[in-house]
Amino acid sequence: MASPRWFYQISGRWLPWLSLLTFVSIIIGVIWGLGFAPQDAKQGNSFRIIYIHVPASFLALVGYYIMAISGAIAIIWKIKLADVVMKSAAPIGASLTFIALLTGAVWGKPTWGTYWIWDARITSMLILFFLYLGVIVLQKAYSAQGLSNKAAALLALVGTINIPIIYKSVDWWYTLHQPATIKFTEAPSMHPDMFQPLLIMIIGFYLFYVTALIVSMRAEIIFRERNTSWVKELALNLKDKRPI
Amino acid sequence: MHTLRRYRLTMVIFIVTTTSVAVGLMSYALRENINLFYTPSSVISGDAPVNVTIRIGGMVVKDSLTRSKQSLQSTFRVTDGKSEVDVYYDGILPDMFSEGEGAVATGEINGDLVFIASSILAKHDENYMPPEVTYALDEAAK
């Protein structure tokens, strides 16, 4: 259980289904959100970038916890698979944070009148991007894999405080960014016709995240276990099936 | 639990809590600087510095916007529900700028407590609604 080899084998069976579900939900969400959801009374069509911006931001924050918690598990219990999760989660999280910042800038110009402002929400989100980059770089800092993992996990843990700061920044300080539309405690302040495709997109991004994480973890597992007999066997089997 | 694991767990909890407390105290101490803008109340009470470039933010007061017919000059008032400040601006207002909506202005407070803005940004709220629903709500309110 929870050995890299076990994970590689079981995830191979999940992957086709996960990819299919990801594809279907994002296609439905994009077509519904961009083509059929009503436009906003004040912002017109430019509000539609919410269908990318919000899901990407959500997963950028959730992904950081996934990375930091698996880093902690790897430090405390020395579980190999947790190391692999942490390493694979960093580039995916960095990409999603970049997408959130980029779509935010594109959205900011027609609504606020500027691409960028140094308010608490946007600045803390930029810090999140740099934290992700730091974790990626620290993974390659030492030639010994164990040291690199420990350094990256420590940075990830130190950065966890940034997540509640990002989430609550719009309530704690005066910002240009508006408060959250989707709250844990109340109904979303959005018309259901607009909210339903957004929900599909959020589910789609969650599925995409899990799929991308598994694909990246499998590649990392093969790389780390390249000298074991099961990987060699796997490579030989592949070679027989698809001769180069 | 194994002693070594318990030690590592304690270390992880220690790192997370101490850095959280440190960052929390720092952002609490710097809260005035983290705020993007001053409120109209802090301008009236004199907390906001005069003749220094700052930002103020608030709601644009209904029926307070006047535009010059010959130039881009405009004046309006912003409120935070307690106090109001006059804003003077010479430039193009953002598309989303309108009365009853939020705005953030960059500029200076002059001696008469009028805010001379060099740039205006519109601030929108977190509510999204189709035009028909807004229309229906407006009709119902009348």
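Worth knowing before you read on, the calculation uses all heavy atoms, side chains too, and leaves out hydrogens, waters and symmetry mates. In what follows, chains carry the letters A, B, and so on, assigned in the order in which the sequence lines appear, proteins first and then strands, with residues in each chain numbered from 1.
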Contact class of A/P110 relative to chain B, heavy atoms under 4.5 angstrom: backbone
If one checks every heavy atom of A/A68 against chain B at 4.5 Å, the contacting part turns out to be neither
Whether the side chain of A/T181 engages the backbone of B/E126 through a donor-acceptor N/O pair (distance < 3.5 Å, no angle test) should be reported. yes
So, does A/D40 use its side chain to make a donor-acceptor pair with the main chain of B/Y128 at under 3.5 Å? no
Report the option among A/L154, A/I117, A/I182, A/T160 that has the most heavy-atom pairs separated by less than 4.5 Å from atoms of chain B. A/I117
In terms of heavy-atom pairs under 4.5 Å, which option from B/T18, B/L4, B/V16, B/V104 contacts chain A the most? B/V16
If you count heavy-atom pairs under 4.5 Å with chain A, which of B/V12, B/I15, B/T134, B/I120 comes out on top? B/V12
Verdict with supporting geometry, B/S27 and A/W173, side chain to side chain contact (heavy atoms under 4.5 Å, CB included): CA-CA 10 Å; B/S27 37; A/W173 299 292; 3.8 Å; yes
Check this for me: [X], atom [atom1], are more than 12 non-hydrogen atoms of other residues, nucleotides or ligands nearer than 6.0 Å?
X: A/K78; atom1: NZ; result: yes
X: B/R31; atom1: CZ; result: yes
X: B/K62; atom1: NZ; result: no
X: A/Y174; atom1: OH; result: no
X: A/Y65; atom1: OH; result: yes
X: B/L137; atom1: CG; result: yes
X: A/F98; atom1: CZ; result: no

Nearest 0.5 Å, please: how far is [atom2] in [Y] from [atom1] in [X]?
X: B/R8; Y: A/I73; atom1: CZ; atom2: CD1; answer: 13.5 Å
X: B/F37; Y: A/D119; atom1: CZ; atom2: CG; answer: 9.0 Å
X: B/D95; Y: A/Q43; atom1: CG; atom2: CD; answer: 11.5 Å
X: B/I34; Y: A/W172; atom1: CD1; atom2: CH2; answer: 10.0 Å
X: B/L36; Y: A/T175; atom1: CG; atom2: OG1; answer: 7.5 Å

Please tell me if the side chains of B/K123 and A/H177 come closer than 4.5 Å, counting only heavy atoms from C-beta onward. no
Do B/P130 and A/M194 come within less than 4.5 Å of each other through their side chains, counting heavy atoms only? yes
Against chain A, label [X] side chain, backbone, both or neither, depending on which of its atoms sit under 4.5 Å from a heavy atom there.
X: B/P94; answer: side chain
X: B/E101; answer: side chain
X: B/S20; answer: both
X: B/L121; answer: both

Would you sort out whether B/D125 and A/K42 count as a side chain to side chain contact (heavy atoms under 4.5 Å, CB included), showing the intermediate values? CA-CA 10 Å; B/D125 60 25; A/K42 288 173 198 156; 3.2 Å; yes
From CA spacing to verdict: side chain to side chain contact (heavy atoms under 4.5 Å, CB included), B/R5, A/W77: CA-CA 6 Å; B/R5 279 180 207 148; A/W77 286 280; 3.5 Å; yes
Give the intermediate values and the outcome of side chain to side chain contact (heavy atoms under 4.5 Å, CB included) for residues B/H124 and A/F47. CA-CA 11 Å; B/H124 65 83; A/F47 104 97; over 6 Å; no
